[in-house]
Amino acid sequence: MAKDILKDLNPTQQDAVKHIDGPMLILAGAGSGKTKTITTRLAYLISLGIDPSSILTLTFTNKAAKEMKHRAYSLIDDITIPPLLCTFHKFGLIFLKFHIQKLGRKNNFMIVDTDDKKRILRSLEKELEIPMVASMISKFKNSFTSVEDAMILNDTNSKEVANVYEAYENYLHKNNLVDFDDLLFLPYKLLMQDDKLCEETSKKYNYIMVDEYQDTNELQFKLLQKLCHSHQNISVVGDDDQSIYEWRGATIKNILNFDKEFKDVKIVKLEHNYRSTHEILKYANTLIEHNQDRLGKKLIGTKEQGEKPKVYESFNETLETQKIIRDINALLDNGEELNDMAILYRVNAISRQLEDGLTKASINYKLIGGKRFYERAEIKDLIAYFRTIAEPNDNFSFKRIINQPKRGIGKTTVDKIEGLSKTKNISMFETISQVSSDEMTALIGKKNYRTLKLFEASIYEIQDILKNSKMLFIDHFDDMFEFKQSFKKLFDGEDRIANIDEFYGLLRDYLIKDEKNDIASFLNIISLSSDKEDLDGGAISLMSIHSSKGLEYKHIFVVGLEEGFFPLLNADIQEERRLGYVAFTRAKSSLTVSFVQNRFYKGKRSNLTKSRFLVESGLLKGGFKMKKISSFAKGDAVKHNLFGLGTIEMVKPAGSLYKLKINFGGNKREIMSSFVTKL
DNA sequence: GGGTGGCGTGTTTTT
DNA sequence: CACGCCACCC
Ligand SMILES: Nc1ncnc2c1ncn2[C@@H]1O[C@H](COP(=O)(O)OP(=O)(O)OP(=O)(O)O)[C@@H](O)[C@H]1O
């Protein structure tokens, strides 16, 4: 049976799969079967009788984790004991659920997302720029800088930022919250300070694999080191050309130093591409060759020649969308399926026009990323409600919903309750339930106190209902708090109510699935999943290039190839180019790229020029772009040492130079640009 | 003291 | 355009 698993692999891949003990680095280009190799290796280890629960497979994004899970499970016969295959953050979450008590915290902590984090920071700091502070704090955590260390730094504002950092950490601690960085940092801290735990954990996960290793940052690397404390069985796969998360601290150093950090590393290079046609590969490879900082690698196509990728130029985004829809319909007429198509873009905001167009054309689509389901305000409200019901002392959730739907409890009242709860050292909910009616009335007034007491009673009541019947809970909940109704009068109320119903549906399905399932476990499960499960039925996928990494589609459309959008303004050009490489190499058999002359963005329409990547990849020939680079253009007067004066009639790129067709007084000659001087 | 509307600003990308 | 914040009005 082990033979079966291996049969679709080439010898190098098989060799990598069969490597069992000791560190291994697989370094290979797009579509070379890295993920296939690692998922097969997972199945192979299990087929040898290795305990699945001792194998840990990690990657960075949810999407990639899901894809791997899908692929790996199809190779494993008996999935009764599933191996742990998840994102780094999810692993951190699971680890903390078991061990956060060792840091003196309860394990029903809640994860704050980026929005929550900014809200908290804003409440703690009025002067400094919040996004700056948020990213500084993130940097601190990712570089193991404690509050004390931050205090003695000497950068601008460092003292102020360190103070906010301290206040923020205290706030998280008091309210039993963790942020995304904590999900990596706290496990590391625990493993760092507790040798026994480190040893146990490392022994538990005796085989470790990491996909998309080029996306790991320093903290993730250190965490991996800890997990390898008592063994060296770590296999990582990556591609320096697909490193697209440097902006959040991912460092290629992790790949470069891998064979120094671990002993006797087996290095495997996969050099055949099994995904894309030669045509697609050619342009992707040509594009990425413009990057200077590369390890460099071969990538040989194995598929058919294929068609040259199409390039569309449109006047604006409406016309761009029309062209793409026309192509989609043509593909459908040829029997192709929507599930095999995807539209990619650099910036999520660009999806709007596409959505409108697809809707009008009655083409099903699924939007991936962007404003995520579980990050929508109404969904976060519901989660906060459920958390309050499960744990009324969760101040953070309590504060979110105490006036949602509006019941007349404004900021001032909330602040007063919070102040009192702090002096009494009890939760806000306990403040309402325990503090004497006289004291409370004096503080916040009779009417507000009554409202809060009613709210308290409702919480008890719904807790009771939940105890008796999980199924009745949802209906009663919504009636009792008039939650859905509160969105009715909003201008986008319908959408929000649809989201709410969907969330109720998800919860209901989850509760039905297993007798043991309850609200608390539901909250745990969704706490890191960003998008809901795919609906079945055919739909074209719309997503950012970042989310597309690790995926593949038969037909790929990349839109928005304009200077300023892609490559994005002020972004690191090499990373942008890698994004281009990722985008192009998602395609199996057809690739279509598109740019517009003007686009509506952030409230205004601006004129755009086509992306340099179109020329760099060879998809388009120079044109006006060349003028800038070469400073040679049609009509320019030039001088040649032998032929004398002439006029340029045509400019063609030739390697790093240009071939010029020059008219020397009636004699036309082709001359390399380095042999003439412009006048 | 709370709620609503007007105004200003601008996240690239993910967890 | 679209969201979030503040100020002003109820
Ligand atoms: N030896 C092989 N023979 C045939 N097909 C293969 C082989 N190896 C991989 N493939 C196929 O090639 C495609 C790309 O593989 P995979 O997604 O594992 O590549 P990857 O290196 O992870 O790509 P990327 O880095 O771009 O995500 C998949 O459809 C896979 O099934």
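Within every chain, numbering begins at 1; the chains are lettered A, B, ... in the order of the sequence lines, protein sequences first and strands thereafter.
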Under-3.5 Å N/O pairs linking protein and nucleotides 3-9 of chain B:
| residue | atom | partner | partner atom | Å |
| --- | --- | --- | --- | --- |
| B/dG3 | OP1 | A/Asn403 | ND2 | 3.3 |
| B/dG3 | OP1 | A/Gly408 | N | 3.4 |

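- At least one side-chain nitrogen or oxygen of A/Lys416 sits closer than 4.0 Å to the OP1 or OP2 atom of B/dG1.
- Here A/Asn570 does not reach the OP1 or OP2 of B/dT12: none of its side-chain N or O atoms lies under 4.0 Å away.
- Separating the CG atom of A/Asp115 from the P atom of B/dT14 is a distance of 14 Å, rounded to the nearest angstrom.
- A side-chain donor from one of A/Tyr168 and A/Asp179 sits under 3.5 Å from a side-chain acceptor of the other.
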Practice task
Begin with the C-alpha distance, continue with both residues' side-chain angles, and end with the deciding distance and a verdict on side-chain hydrogen bond (donor to acceptor under 3.5 Å, both in side chains) for A/Thr216 and A/Tyr245.
Solution key: CA-CA 8 Å; A/Thr216 52; A/Tyr245 288 101; over 6 Å; no
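- Neither OP1 nor OP2 of B/dT12 sits under 4.0 Å from any side-chain N or O of A/Arg248.
- In this structure, A/Lys118 places its NZ atom 11 Å from P of C/dC5, rounding to the nearest Å.
- When only modelled atom types and interatomic distance are considered, A/Glu212 and A/Gln214 share a side-chain donor-acceptor pair under 3.5 Å.
- Rounded to whole angstrom, the span from the CZ atom of A/Phe565 across to the C1' atom of B/dT13 amounts to 14 Å.
- At the phosphate of B/dT14, neither OP1 nor OP2 sits under 4.0 Å from any side-chain N or O atom of A/Asn62.
- Nucleotides C/dC5 and B/dT12 place their C1' atoms 24 Å apart, quoted to the nearest Å.
- When the options A/Leu58, A/Leu42, A/Thr39 are evaluated for a side-chain contact (heavy atoms from CB on, under 4.5 Å) with A/Met68, the one that passes is A/Thr39.
- Atom C1' of B/dT11 sits at a distance of 15 Å from the matching atom of B/dT15, rounded to the whole Å.
- Of the candidate nucleotides B/dT13, B/dG1, B/dT12, B/dG1 has the atom lying nearest to any side-chain atom of A/Thr413.
- Take A/Asp241 and apply the salt bridge (Lys or Arg N to Asp or Glu O under 4.0 Å) test, not counting sequence neighbours, and it matches A/Arg294, A/Lys297.
- A/Asn348 has its CG atom 5 Å from the P atom of B/dT13, to the nearest Å.
- The nucleotide whose nearest atom lies closest to any side-chain atom of A/Thr412 is, among B/dT12, B/dG1, B/dT14, B/dG1.
- Residue A/Ala571 is the one, among A/Lys90 and A/Ala571, whose nearest nucleotide of DNA chain B lies closer to the 5' end (criterion: closest heavy atom).
- With distances taken from any side-chain atom of A/Arg352 to the nucleotides C/dA2, B/dT14, B/dT12, the minimum falls on C/dA2.
- Of the inter-residue distances, the one linking A/His99 atom NE2 with A/Leu191 atom CG reads 8.0 Å to the nearest 0.5 angstrom.
- Across B/dG1, B/dT13, B/dT15, the shortest atom-to-atom separation from the side chain of A/Thr114 is found for B/dT15.
- As rounded to whole Å, 19 Å separates atom P of B/dT12 from atom CG of A/Leu344.
- For the pair A/Phe60 CZ and B/dT13 P, the interatomic distance rounds to 14 Å; values are reported in whole Å.
- Remark: the A/Glu355 side chain and the A/Tyr365 side chain contain an N/O donor-acceptor pair separated by less than 3.5 Å.
- If you check every strand for non-hydrogen atoms under 4.0 Å, A/Tyr245 touches sugar and phosphate atoms only.
- One atom, CZ of A/Arg599, and another, C1' of C/dC1, lie 15 Å apart when rounded to the nearest Å.
- Not counting sequence neighbours, A/Phe109 has no partner by the ring-ring contact (aromatic ring centres under 6.0 Å, His included) test.
- Note on A/Phe88: nothing from the nucleic acid sits closer than 4.0 angstrom, heavy atoms only.
- Of the side-chain N and O atoms in A/Lys602, one or more sit less than 4.0 angstrom from OP1 or OP2 of B/dT11.
- When the side-chain nitrogen and oxygen atoms of A/Ser547 are compared with OP1 and OP2 of B/dT14, one or more of them lie within a distance under 4.0 Å.
- In this structure, A/Ile244 atom CD1 and B/dT15 atom C1' are separated by 14 Å, rounded to whole Å.
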